[in-house]
Student: 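Questions regarding the structure given below will be posed in turn.
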Amino acid sequence: MDRNMLPDDLLKKFYRNQCSPGEFREIADWLKNASRKDQLSFLGQHSQFIRQEGGHQNISTEMDFDEIRKRIQTMERRKKAYRLILTRSARVAAAVILVFGIYHLSVFLAGRENGTDLKVAGTRDKECHTGYGEKAEVTLDDGSTVKLNAGSTLTYPRQFDGRERVISLKGQALFEVARDSLKPFIINTSLFKVQVLGTAFDVRSFDGDHFSSVCVLHGTVKVTLLRDEKQSYFLTKNEQLTIDTRDGHVEKKQVNARISVAWINGILRFEQVPMDDVLKQLERWYNVKINIPGNLGLDRVQVTGQHKDNGLYEVLEALHFTHGLQYQVTRGEIRITGLEN
């Protein structure tokens, strides 16, 4: 981003609270380091946006006016040394903008310290995102807990209103759902939805992976496929439903659920997982970039095994020894070159 300006489309997304975590990180960094001149330019863009939007902004800071006023007063005292003269309206607007940026930056930094990126998604919804190499735990309004695996995003309401408790998941998470027979708990993914009353289960649904799954530790869940809502499956303890995202094939089978969710104990485990999905999981687990050229036939190689407290290169060497995986490391980037014949 040009240090002296913010793109109009990004600015509008910022004031409408529609930025992705990466976009917000970029804007927060700009606000933190911008010169006084650039901040005034930013204020001018802000005023223009307000006029165009009719004076309405969709911004939620979770702070009441007393807190904002106290922060503005503190910031005004600190800024006296700059001897910067602003009009009353511009001064208040600039303070609100800076409070908004500082507040969300503090939320972001606090989330990073806990292994997550947190984003306020609106007046009701929150979002928890784990980066590659990170995990997180979230407690929901009803007391339910969600443990997020690396590279996952959970969207959930601040309070569960209405007759259902509805959240959304991209990635993998282990749910411990508080029982409420009057309010079903529903998880939406891109392929299916899971409905429960109170139970513990694992949901895996990463964009781009060949397989998605639901595995139950105890209780009962109902899984409904979005492609055909008449197609539903009931799962009980130690049952797993696997969906092949390539051809839509569905398999229900008995498993040892505690082993299937070993990731929560730091165990990297594969059971008949296509090699290219294994490599994607290594990217998320170790926070690395693995370059995989096409037409290598990796999806036809099934991997079974587990690793605990092993480094990335130990796992790659194990894949080389057991499956003939060939790879090169150049300036920290891993490139897959093929399979041994």
Side-chain angles (χ1 to χ4, degrees), residues 112-117 128-138 145-154 169-175 200-215 217 238 240 242 253 255-293 296-341:
R112 293 292 298 181
E113 291 175 358
N114 292 317
T116 66
D117 290 344
C128 179
H129 172 74
T130 52
Y132 285 8
E134 300 174 342
K135 296 182 180 68
E137 182 170 343
V138 177
T145 60
V146 185
K147 295 181 180 179
L148 282 177
N149 204 350
S152 302
T153 299
L154 180 75
L169 173 69
K170 293 181 179 179
Q172 184 173 19
L174 178 67
F175 294 86
F201 56 99
D202 180 81
V203 177
R204 178 188 176 95
S205 182
F206 286 104
D207 291 343
D209 277 14
H210 294 318
F211 291 93
S212 294
S213 64
V214 179
C215 181
L217 281 78
N238 289 327
Q240 178 174 288
T242 303
K253 61 182 179 181
V255 296
N256 185 328
R258 290 293 175 185
I259 294 177
S260 296
V261 299
W263 63 268
I264 64 174
N265 297 316
I267 299 174
L268 188 61
R269 187 177 184 277
F270 311 108
E271 183 175 351
Q272 294 296 299
V273 178
M275 178 69 78
D276 47 354
D277 278 6
V278 168
L279 296 173
K280 292 173 187 175
Q281 189 167 342
L282 293 182
E283 282 190 312
R284 295 188 289 262
W285 193 270
Y286 292 103
N287 189 20
V288 297
K289 172 61 179 175
I290 301 179
N291 188 354
I292 309 173
L296 294 181
L298 299 181
D299 60 327
R300 296 191 295 270
V301 178
Q302 303 294 309
V303 178
T304 297
Q306 72 176 36
H307 305 270
K308 182 175 176 58
D309 300 326
N310 294 117
L312 171 63
Y313 295 107
E314 291 179 279
V315 178
L316 288 172
E317 280 300 301
L319 294 174
H320 168 70
F321 179 77
T322 57
H323 295 86
L325 182 70
Q326 301 293 303
Y327 66 94
Q328 296 175 345
V329 181
T330 306
R331 292 188 294 275
E333 181 173 293
I334 300 168
R335 184 175 187 274
I336 305 302
T337 58
L339 297 168
E340 288 183 346
N341 295 327

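Throughout, numbering of the chain's residues begins at 1 and tracks the sequence.
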Student: Please find the pair of heavy atoms, one from Ala173 and one from Leu148, that lie closest to each other, and give the distance.
Tutor: CB-CD2, 3.7 Å

Student: How would you list, by chain and number, every residue that makes a side-chain contact (heavy atoms from CB on, under 4.5 Å) with Val329, sequence neighbours excluded?
Tutor: Tyr313, Tyr327, Ile334

Student: Under the side chain to side chain donor-acceptor pair (under 3.5 Å) rule, collect the residues that match up with Ser212, sequence neighbours excluded.
Tutor: none

Student: What pairs with Asn238 under side-chain contact (heavy atoms from CB on, under 4.5 Å), at least two apart in sequence or on another chain?
Tutor: Gln254, Ala257

Student: Could you point out which residue of Arg204, Gln281, Lys135 forms a side chain to side chain donor-acceptor pair (under 3.5 Å) with Gln172?
Tutor: Arg204

Student: Would you mind checking if Arg284 and Asp209 are paired as a salt bridge, meaning a charged N to carboxylate O distance below 4.0 Å?
Tutor: yes

Student: Donor-acceptor pair, Lys280 side chain versus Phe206 backbone, under 3.5 Å?
Tutor: no

Student: Distance check, rounded to the nearest 0.5 Å: Leu279 atom CG versus Ile290 atom CD1?
Tutor: 5.0 Å

Student: Using atom types as modelled and distance alone, determine if a side-chain donor or acceptor of Ser152 lies under 3.5 Å from a backbone N or O of Thr130.
Tutor: no

Student: Holding to side chain to side chain donor-acceptor pair (under 3.5 Å), I want the full list of residues that pass it with Glu283, two or more places apart in sequence or in another chain.
Tutor: none

Student: How would you list, by chain and number, every residue that makes a salt bridge (Lys or Arg N to Asp or Glu O under 4.0 Å) with Lys147, sequence neighbours excluded?
Tutor: none

Student: According to salt bridge (Lys or Arg N to Asp or Glu O under 4.0 Å), who are the partners of Asp299, at least two apart in sequence or on a separate chain?
Tutor: Arg246

Student: Only pairs under 3.5 Å count here: list side-chain donor-acceptor contacts from residues 300-312, not counting sequence neighbours, and write none if there are none.
Tutor:
residue	atom	partner	partner atom	Å
Thr304	OG1	Gln272	N	3.0
Thr304	OG1	Gln272	NE2	3.0
Lys308	NZ	Asn265	O	3.2
Asn310	OD1	Lys308	N	3.3

Student: To the nearest 0.5 Å, what is the distance between SG (Cys215) and CG (Leu174)?
Tutor: 9.5 Å

Student: May I ask you to test the Val273-Phe211 pair for a side-chain heavy-atom distance under 4.5 Å?
Tutor: no

Student: Atom OG1 of Thr145 and atom CD of Glu137: how far apart are they, to the nearest 0.5 Å?
Tutor: 5.5 Å

Student: Quick one: are Leu325 and Leu316 in side-chain contact, heavy atoms under 4.5 Å?
Tutor: yes

Student: Identify, with sequence neighbours excluded, every residue that meets side chain to side chain donor-acceptor pair (under 3.5 Å) alongside Ser213.
Tutor: none

Student: With sequence neighbours excluded, what pairs up with Asn291 under the side-chain contact (heavy atoms from CB on, under 4.5 Å) test?
Tutor: Pro293, Glu333, Arg335

Student: Could you tell me the separation between the CG atom of Leu296 and the CE atom of Met275, rounded to the nearest 0.5 Å?
Tutor: 11.0 Å

Student: Using the salt bridge (Lys or Arg N to Asp or Glu O under 4.0 Å) criterion, which residues pair with Asp202? Sequence neighbours excluded.
Tutor: none

Student: Decide yes or no for Tyr286 and Leu268: does some side-chain heavy atom of the first lie under 4.5 Å from some side-chain heavy atom of the second?
Tutor: yes

Student: Could you state the interatomic distance from NE2 (His210) to CG (Asp277), rounded to the nearest 0.5 Å?
Tutor: 5.0 Å

Student: Which residues satisfy the side chain to side chain donor-acceptor pair (under 3.5 Å) test with Gln326, sequence neighbours excluded?
Tutor: His320, Glu340

Student: Do the non-hydrogen side-chain atoms of Trp285 and Asn149 ever get within less than 4.5 Å of each other?
Tutor: yes

Student: Can you list everything that forms a side-chain contact (heavy atoms from CB on, under 4.5 Å) with Ile259? Sequence neighbours excluded, please.
Tutor: Asn256, Arg269

